[in-house]
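Here the structure is laid out as structure tokens; the discussion comes afterwards.
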Amino acid sequence: MQRMPPWTAIALAASLLAGGAHAFGDKPVRLIVPAPPGGTIDVFARIISDQLAQEIRQPVIVENRPGAGGAIAVKHMLSQPADGSTLLVTVTNILTEVPHVLKVGFDPLKDVRPVAQMARSVMLFIASPQFPARDGAEAIAYVKAHPGTLSFASYSQGTASQYAGAILNRRAHLDMEHVAFPGSAPALAQVMGNQIPLMFDGSVTSKPLIAGGKVRLLAVAYKSRLPDYPQVPTLAELGYPEVDFSNWSGVFASAQTPRPLLEKIHGALARVNARKAVRERYAGTGFEPVEGDRSLEQMSTDLRTEFDRNAEIVRNFDIRLN
């Protein structure tokens, strides 16, 4: 039998020791969230935190660190020991959209590793209740008929919320003005109050407002109709297939984390994601569970694919900070 080179054996032993000594050890696990309480990412983190605490039998603390397009949270996570006790919980736009238009101070494809792909949220085209159009086709026609007078809100510069509006502007020959806000909540407040009539927002934050009549759903900015809104067409059905956006929510670790630790975290979160209580919370808040268990390599490939697609969008549609 071929013997393992001594330096390889030493490295493997060190990694295994790190995994056994620190993965979900005797200190609380901190889930760092790059957004304030109440938004899509925070909702997701709080769905999984209690269940993860039960799974690993250790306290799990959600810690909100918003700002700088998510960079504050990511860099904080990277500054901590890569031992599995500090993890990033985020929607992928923080890693695959924002870095194309903001200097974030880290490499999202080299410094960060996805360890769990758990749920998905999709983009919706919504309007204030007072907006005269009743659906997506009418909304586009109305904007065309009132050039230079209408705007759309987004939940941040350099995100799919902005991308979707920019693409619709180009493809439908519209001239909506983009108005960015630091998160969904302040943007949605402007839409509900009819100060800004239109917005592309995530399904999680929009769902309760649609149900309560506080905003109107015009179209789905995704490749297929949603089970919650089977009667609402996609923008692809209206002739704009490029307006197709979704993000997956998951858990990320420093790329310096030893492989055995990554595997241990991955396994624990896969078990959490399969729990009935978690699936029920997803359904109630507008998330769609990601089916199947993606390997660490597959998740990294998914992240790169999404990153490259958004780079092309930014380049082709000349998206930049306002």
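Keep in mind that the numbers below use all heavy atoms, side chains included, and drop hydrogens, waters and symmetry copies. Residue numbers count from 1 along this sequence.
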Contact check, side chains of Phe152 and Val179, non-hydrogen atoms, under 4.5 Å: no
Asn93 side-chain N/O to Thr159 backbone N/O, donor-acceptor pair under 3.5 Å: no
What pairs meet the salt bridge (charged side-chain N to carboxylate O under 4.0 Å, His left out) rule with one or both residues in residues 54-82, with sequence neighbours excluded? Arg30-Glu63, Glu55-Arg271, Glu55-Arg275, Glu63-Arg65
Asn169 side chain to Met176 backbone, donor-acceptor under 3.5 Å: yes
Go through it in stages, so that I can follow the logic: the residues are Tyr163 and Phe317, the test is ring-ring contact (aromatic ring centres under 6.0 Å, His included), and I'd like the CA-CA distance, side-chain angles, deciding distance and then a yes or no. CA-CA 8 Å; Tyr163 295 176; Phe317 290 89; 9.2 Å; no
Side-chain donor-acceptor distances from residues 129-137 under 3.5 Å, at least two apart:
from	atom 1	to	atom 2	distance (Å)
Asp135	OD1	Ala137	N	3.3
Asp135	OD1	Glu138	N	2.9

So Asp83 and Lys27, do their side chains get closer than 4.5 Å, heavy atoms only? yes
Closest non-hydrogen atom pair, Val89 against Ile41: O-CG2, 3.2 Å
Is a side-chain donor-acceptor pair under 3.5 Å present for Glu306 with Asn247? yes
Is it true that a side-chain atom of His178 and a backbone atom of Gln157 form a donor plus acceptor pair closer than 3.5 Å? no
Less than 4.5 Å apart, any side-chain heavy atom of Ile126 and any of Leu198? no
Ser300: what forms a side chain to side chain contact (heavy atoms under 4.5 Å, CB included) with it, not counting sequence neighbours? Arg113, Pro114
Tell me the closest heavy-atom pair linking Lys144 and Leu174, and the distance in Å. CG-CD2, 3.3 Å
Greater than 12 external heavy atoms within 6.0 Å of Arg309's CZ: yes
Minimal non-hydrogen separation, Leu150 against Pro197, with atom names: CD2-CG, 3.9 Å
List the residues meeting salt bridge (Lys or Arg N to Asp or Glu O under 4.0 Å) with Arg294, not counting sequence neighbours, and say none if there are none. Asp302
Residues Leu31 and Ala45: closest non-hydrogen pair is CD1-O, 4.3 Å
Carefully, step by step, assess Tyr282 and Ile47 under the rule side chain to side chain contact (heavy atoms under 4.5 Å, CB included). CA-CA 8 Å; Tyr282 287 166; Ile47 287 175; 3.8 Å; yes
Using modelled atom types and a 3.5 Å cut-off, is there a donor and acceptor pairing between side-chain atoms of His266 and backbone atoms of Val115? yes
Any heavy-atom pair between the side chains of Val104 and Val74 that's under 4.5 Å? no
Applying salt bridge (charged side-chain N to carboxylate O under 4.0 Å, His left out), which residue pairs with at least one partner in residues 155-179 are found, sequence neighbours left out? Arg171-Glu242
Taking all atoms of both residues into account, what is the closest heavy-atom pair of Leu78 and Phe106, and its distance? CD1-CB, 4.0 Å
Is it possible for you to check whether Arg281 lies under 6.0 Å from the centre of the six-membered ring of Phe44, through NZ or CZ, and within 45° of that ring's axis? no
Say whether, by atom type as modelled, one donor and one acceptor occur between the side chain of Thr305 and the main chain of Thr301 under 3.5 angstrom. yes
Tell me every residue that passes side chain to side chain contact (heavy atoms under 4.5 Å, CB included) with Ser295, counting only those two or more places apart in sequence or in another chain. Glu297, Gln298
Using the side chain to side chain contact (heavy atoms under 4.5 Å, CB included) criterion, which residues pair with Ala283? Sequence neighbours excluded. none
Would you be so kind as to tabulate the donor-acceptor pairs closer than 3.5 Å made by side chains of residues 208-215, with sequence neighbours excluded?
none

State whether the side chain of Arg279 and the backbone N or O of Asn273 hold a donor-acceptor pair below 3.5 Å, judged by distance alone. yes
So ring-ring contact (aromatic ring centres under 6.0 Å, His included) across residues 194-235, not counting sequence neighbours, yields Phe125-Phe200
Ser49: which of Val29, Val62, Ile61, Val33 passes side-chain contact (heavy atoms from CB on, under 4.5 Å): Val62
Please check if the side chain of Gln190 supplies one atom and the backbone of Ile196 the other of a donor-acceptor pair under 3.5 Å. no
Between Ala187 and Ala153, which heavy-atom pair has the shortest distance, and what is it? CB-CB, 4.2 Å
Quick note, salt bridge (charged side-chain N to carboxylate O under 4.0 Å, His left out) partners involving residues 183-212, not counting sequence neighbours, are Lys207-Asp228
So does Gln256 get a backbone contact from the side chain of Ser254, meaning a donor-acceptor N/O pair under 3.5 Å? yes
Whether the side chain of His146 engages the backbone of Tyr142 through a donor-acceptor N/O pair (distance < 3.5 Å, no angle test) should be reported. yes
Residue set satisfying side chain to side chain contact (heavy atoms under 4.5 Å, CB included) with His173, at least two apart, ordered chain then number -> none
Donor-acceptor pairs are to be reported for all side-chain atoms of residues 233-241 against protein atoms at under 3.5 Å, with residues two or more places apart or in another chain.
from	atom 1	to	atom 2	distance (Å)
Thr234	OG1	Ala236	N	3.4
Thr234	OG1	Glu237	N	3.1
Thr234	OG1	Glu237	OE2	3.4
Glu237	OE1	Arg225	NE	3.4
Glu237	OE1	Arg225	NH2	2.8
Glu237	OE2	Arg225	NE	2.9
Glu237	OE2	Thr234	N	2.9

Only residue of Val91, Leu109, Asn310 satisfying side-chain contact (heavy atoms from CB on, under 4.5 Å) with Thr96 is Asn310
Sub-4.5 Å side-chain heavy-atom contact between Glu288 and Pro227: yes
Supply the atom-to-atom distance Gln80 CD to Ser85 OG, rounded to the nearest 0.5 angstrom. 7.5 Å
